[in-house]
Amino acid sequence: QVQLVESGGGLVQPGGSLTLSCVASGVSFTRYTMAWFRQAPGKEREFVASTSQRTGSTFYANSVKGRFTISRDKPKSTVILQMNNLKPEDSAVYYCAASATVIQSQMRFQSGYGYWGQGTQVTVSS
């Protein structure tokens, strides 16, 4: 059974940093593309970042490029999202997602992912 469990969310001041983690179980971690999405109240869920299992390439939404970094800790089957210089507009529930089949052109779309975590809340406020 595939399970994704996120952690690391919380309250941080603007300009601060947070590190989100997503531990994957029940999957061959290195064979899956892993991604982070987020959803703010009243808004649709949006792509944040992904890391390809085939190439190791990483992709980012324009809104987080240069501030967020996605990486894998393979021995721990964990995908990490390092978030720096946080802004109030980054406040959202952050979700981890996994897929063994999504292609590069579809990585930004929710429909490409079959497995999701329960989400972790990030609030950026002074």
Side-chain angles (χ1 to χ4, degrees):
Q1 182 178 355
V2 177
Q3 190 172 20
L4 304 175
V5 179
E6 302 100 331
S7 63
L11 173 64
V12 63
Q13 293 186 342
S17 298
L18 278 177
T19 303
L20 304 184
S21 297
C22 171
V23 179
S25 59
V27 299
S28 298
F29 182 68
T30 56
R31 296 177 59 188
Y32 278 67
T33 288
M34 304 297 296
W36 288 95
F37 287 75
R38 67 186 182 186
Q39 187 168 19
K43 296 187 177 181
E44 293 194 357
R45 193 172 298 187
E46 64 175 3
F47 171 80
V48 175
S50 64
T51 172
S52 168
Q53 90 281 19
R54 291 192 183 91
T55 65
S57 298
T58 55
F59 305 91
Y60 297 93
N62 288 337
S63 59
V64 306
K65 201 171 293 183
R67 300 187 298 121
F68 290 12
T69 302
I70 188 171
S71 61
R72 293 180 188 249
D73 183 339
K74 293 180 181 179
K76 296 182 179 180
S77 295
T78 299
V79 61
I80 298 163
L81 185 68
Q82 176 64 44
M83 306 186 295
N84 297 326
N85 190 21
L86 284 160
K87 304 176 181 180
E89 52 263 42
D90 294 318
S91 297
V93 177
Y94 282 70
Y95 296 92
C96 176
S99 174
T101 59
V102 67
I103 59 177
Q104 183 171 319
S105 63
Q106 298 296 311
M107 284 186 186
R108 297 175 179 267
F109 301 101
Q110 298 181 59
S111 58
Y113 299 86
Y115 302 104
W116 293 85
Q118 82 289 351
T120 186
Q121 176 70 49
V122 171
T123 303
V124 184
S125 175
S126 54

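Quantities reported herein were computed from a predicted structural model and do not represent experimental measurements.
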Q) Judged by atom type as modelled, is there a donor-acceptor pair below 3.5 Å linking the side chain of Arg45 to the main-chain atoms of Gln110? A) no
Q: Mind checking the CG-OG spacing from Asn85 to Ser17? Nearest 0.5 Å is all I need.
A: 8.0 Å
Q. Restricting to pairs with a member in residues 41-86, which pass ring pair (Phe, Tyr, Trp, His ring centres under 6.0 Å), not counting sequence neighbours?
A. Phe37-Phe47
(Q) Would you say that more than 12 heavy atoms from the other residues, nucleotides or ligands in this model lie under 6.0 Å from the CD of Glu44, or not? (A) no
Q | Minimum heavy-atom distance Asp73-Phe29, with the two atoms named | A | O-CE2, 4.2 Å
**Q.** Non-hydrogen atoms of Ser52 and Met107 that approach each other most closely
**A.** CB-CE, 3.6 Å
Q. Nearest 0.5 Å, what's the CD-NZ distance between Glu89 and Lys43?
A. 8.5 Å
Q. Is the shortest heavy-atom distance from the side chain of Arg67 to the side chain of Asp90 under 4.5 Å?
A. yes
Q | Distance, nearest 0.5 Å, that separates CD1 of Ile80 from CG of Leu20 | A | 10.0 Å
Q.
Starting from Val48, can I reach Tyr95 by hopping between I/L/V/M/F/W/Y residues whose side chains sit under 4.5 Å apart?
A. no
Q) What is the minimum heavy-atom distance between Leu4 and Ala24, and which atoms define it? A) CD2-CB, 3.6 Å
**Q.** Reported CG-to-OG distance for the pair Leu86 and Ser125, which is rounded to 0.5 angstrom
**A.** 12.0 Å
**Q.** Joint hydrophobic cluster, Trp36 plus Val2, side-chain heavy atoms closer than 4.5 Å
**A.** yes
Q: Would you check if the side chain of Glu6 reaches a backbone N or O of Gln118 as a donor-acceptor pair within less than 3.5 Å?
A: yes
Q | Atom of Ala92, atom of Gln121 and distance for their closest heavy-atom approach | A | O-NE2, 3.4 Å
Q: Please work out whether the ring planes of Tyr115 and Tyr32 are parallel, tilted or perpendicular, with thresholds of 30° and 60°.
A: tilted
**Q.** Same apolar cluster: Trp116 and Tyr94, side chain cutoff 4.5 Å
**A.** no
Q.
A side-chain contact here means heavy atoms from C-beta on lying under 4.5 Å apart; do Val102 and Phe109 qualify?
A. no
Q: Please examine the side chains of Thr33 and Tyr113, heavy atoms only from C-beta on, and report whether any two atoms are closer than 4.5 Å.
A: yes
Q) What's the spacing between Gln104 CD and Ser57 OG if we round to 0.5 Å? A) 6.5 Å
Q. Is the closest side-chain heavy-atom distance between Ser63 and Arg38 below 4.5 Å?
A. yes
Q: Run the numbers on Gln82 and Thr19 for side chain to side chain donor-acceptor pair (under 3.5 Å), then give the verdict.
A: CA-CA 5 Å; Gln82 176 64 44; Thr19 303; 2.5 Å; yes
**Q.** disulfide bond (SG atoms under 2.5 Å apart) contacts touching residues 6-109 (sequence neighbours left out)
**A.** Cys22-Cys96
Q) Hey, is the main chain of Gly112 close enough, under 3.5 Å, to the side chain of Ser99 for a donor-acceptor pair? A) yes
**Q.** Pro88 and Pro14, any side-chain heavy atoms less than 4.5 Å apart
**A.** yes
Q: Over all heavy atoms of both residues, which pair between Thr30 and Lys74 is shortest? Give the atoms and the distance, please.
A: CG2-CD, 4.0 Å
Q) Taking all atoms of both residues into account, what is the closest heavy-atom pair of Thr78 and Ser21, and its distance? A) CG2-CB, 4.0 Å
Q. To the nearest 0.5 Å, what is the distance between CG (Leu18) and OG1 (Thr120)?
A. 9.0 Å
Q) Do Met83 and Val64 have side-chain heavy atoms sitting under 4.5 Å apart? A) no
